[in-house]
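Everything below concerns the one structure shown next.
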Amino acid sequence: MKRKTSLRLQLIAILLAFVVLLMGTVYFVQTTFLDDFYKIHKISSIENVGKQIAGLIGDDDFDDIVEEAGMTNEVCIRVVSNHPEYAYTGACTLRSLDNNMINMMAQETMNEETGEKLFDDFRYQRRPEEAPEKVFVFSKIISYNNEPVMVLVSTGITPLSATISTLKSQYYIISIAVIIMTLILALIISRIILRPVKQISEESRNLSKGQYDGNKVRTDSREMSELNDTLIQANEDIQKADKAKKELLGNVSHDLRTPLTMIVGYGEMIRDLPEENTEENLNVIIEEAKRLSTLVDDLIDISKADTVPLELKKEDIRLNLLLEDVFHQYQKYCESQGIDFILKKVDEDPVISIDIKRIKQVLYNFINNSLNYNSKDQQQIILGAEKNGDVYRVYVYDNGEGIDEKDLHNIWDRYYKVDKEHRRHHIGSGIGLSLSKELLIAHGLNYGVESEPKQYSKFYFDLPEKR
Ligand code: ADP
């Protein structure tokens with residue numbers, strides 16, 4: 001298997017790569033383009049000052065303004081004009097330009113359509129013994145009172161090689177500092193993010209045993225808490241399923257044993273005492289064998305529901321006929337037990353299209369539960385239907401022990417039991433509500449339960465009329 005890199009290393013690698021990229025870009029820009037940026041900046045500054053001054057010619061305080069502009073922008077300014085009022089000569093580079101030079105520059109400037117020119121290769125020699133200095137000169141010629149006025153603005157260009165080498169050495173120090181800070185940052189981030197991930201991953205090894213302990217995971221992040229909650233829920237589900245599996249085995253063995261005991265007992269009795277070979281006793285054996293068969297059918301159904309979708313054989317039937325059929329199954333038994341069993345039919349008696357056997361099975365399950373969880377002296381069970389908007393609500397009501405609100409959501413879960421000590425009735429298997437739920441979902445029907453503890457329960461599903 002390919003060796004995987006730890007999340008912490010990946011994080012450090014990503015952050016370092018980012019820093020190297022960032023610092024590299026800064027280095028490149030600083031060292032390669034600094035000179036160009038500097039020149040562009042200088043040129044734009046002398047152009048701006050030149051244009052500004054040209055607009056001020058004729059102003060009362062012209063001299064003062066020009067002097068101030070020169071100082072604040074650190075540029076040299078000279079204004080050449082025949083009229084002394086508009087002329088200005090600062091005490092700097094441009095002062096020493098002789099008339100020939102000025103005339104040549106004026107000529108070149110006037111040749112430009114805009115009346116502006118940038119001399120970017122101008123050499124200025126302060127003293128004969130000094131090497132010439134490179135300066136940029138911007139010149140602009142305007143006409144004022146029908147006289148040409150020429151504004152010259154210049155700036156010196158300092159060679160940047162010394163600056164660049166200072167920047168480079170600074171840059172190395174900054175790079176090392178940034179890399180150290182990045183490493184520290186990566187460690188802090190990995191502590192914050194990765195610690196809960198590690199805790200969750202360690203704890204989840206116990207998930208399959210249903211022993212995931214979400215309290216051991218410490219995190220302030222929403223995503224991690226959500227992941228933790230999901231695993232806590234999965235853990236509970238695993239525990240539930242595990243418990244349910246054990247309970248199911250217990251229940252099924254119990255359910256199998258009771259009819260088997262009866263069959264063996266009655267069989268032996270008939271064998272040993274021929275006078276007991278009566279129709280009544282034989283019917284007990286047959287009934288108990290049928291009960292076994294129903295139990296096995298239900299078990300097959302519920303295990304199938306997990307893998308293949310239930311196949312429905314839909315047929316048309318009148319709703320009242322369906323109710324009567326189910327009612328007759330229980331009528332005699334309820335009479336014998338003194339239970340008040342009532343049938344409430346619907347006036348409209350619509351035709352419905354259902355898998356009759358399956359829907360009857362659902363109703364049997366509901367009624368069996370009503371019989372099982374009905375501890376009152378005056379027991380009442382109602383099997384009925386009522387119009388509810390566009391659909392017919394078929395229900396089984398009992399005035400039994402009811403269901404606590406906290407259990408209401410769970411009772412449809414597979415193998416969920418509120419009361420483990422209840423007795424089972426002789427019809428159906430008692431796997432009950434989860435199978436009923438599967439069958440109702442397969443039919444696409446709305447279903448539910450209303451209940452009040454110690455008062456009543458009403459299990460129902462809604463059937464549409466066939467169109
Ligand atoms: P079982 O009857 O085998 O326990 P079910 O799935 O049929 O399984 O029912 C699940 C649980 O719902 C029962 O254990 C019981 O607590 C509760 N329950 C179902 N029907 C009723 C009812 N009519 N009255 C009170 N509680 C009920």
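This one's a predicted model, so the numbers in the text were calculated from it and none came from an experiment. Just so you know, ligand 1 is whichever comes first in the structure, and atom 1 is the first atom listed for that ligand.
- Taking only nitrogen or oxygen atoms, main chain and side chain alike, Tyr373 reaches within less than 3.5 Å of ligand 1.
- Of the inter-residue distances, the one linking Asn365 atom CG with Leu440 atom CG reads 9.5 Å to the nearest 0.5 angstrom.
- Ranked by closest heavy atom to atom 7 (O) of ligand 1, the top entry among Asn369, Leu408, Asn368 is Asn369.
- Because its NZ or CZ atom is not both nearer than 6.0 Å to the ring centre of Tyr364 and within 45° of the ring axis, Lys360 does not count as a cation-pi partner of that residue.
- In this structure, Lys42 fails the cation-pi test against Phe136, since its NZ or CZ atom is not both closer than 6.0 Å to the six-membered ring centre and inside 45 degrees of the ring normal.
- Here is the list of ligand 1 atoms found below 4.0 Å of a heavy atom in Ile403: 25 (C), 26 (N), 27 (C).
- The shortest separation from a heavy atom of Gly400 to ligand 1 is not under 4.0 Å, leaving the residue out of contact.
- Heavy atoms from other residues, nucleotides or ligands lying under 6.0 Å from CG of Asp36 number more than 12.
- Near Phe459, the atoms of ligand 1 lying under 4.0 angstrom from a non-hydrogen atom of the residue are 19 (C), 20 (N), 21 (C), 22 (C), 23 (N).
- Looking at Asp398 next to ligand 1, an N or O pair under 3.5 Å apart turns up.
- Of the residues listed (Trp412, Phe461, Tyr460), the one engaging Tyr447 in a ring-ring contact (aromatic ring centres under 6.0 Å, His included) is Trp412, and it is the only one.
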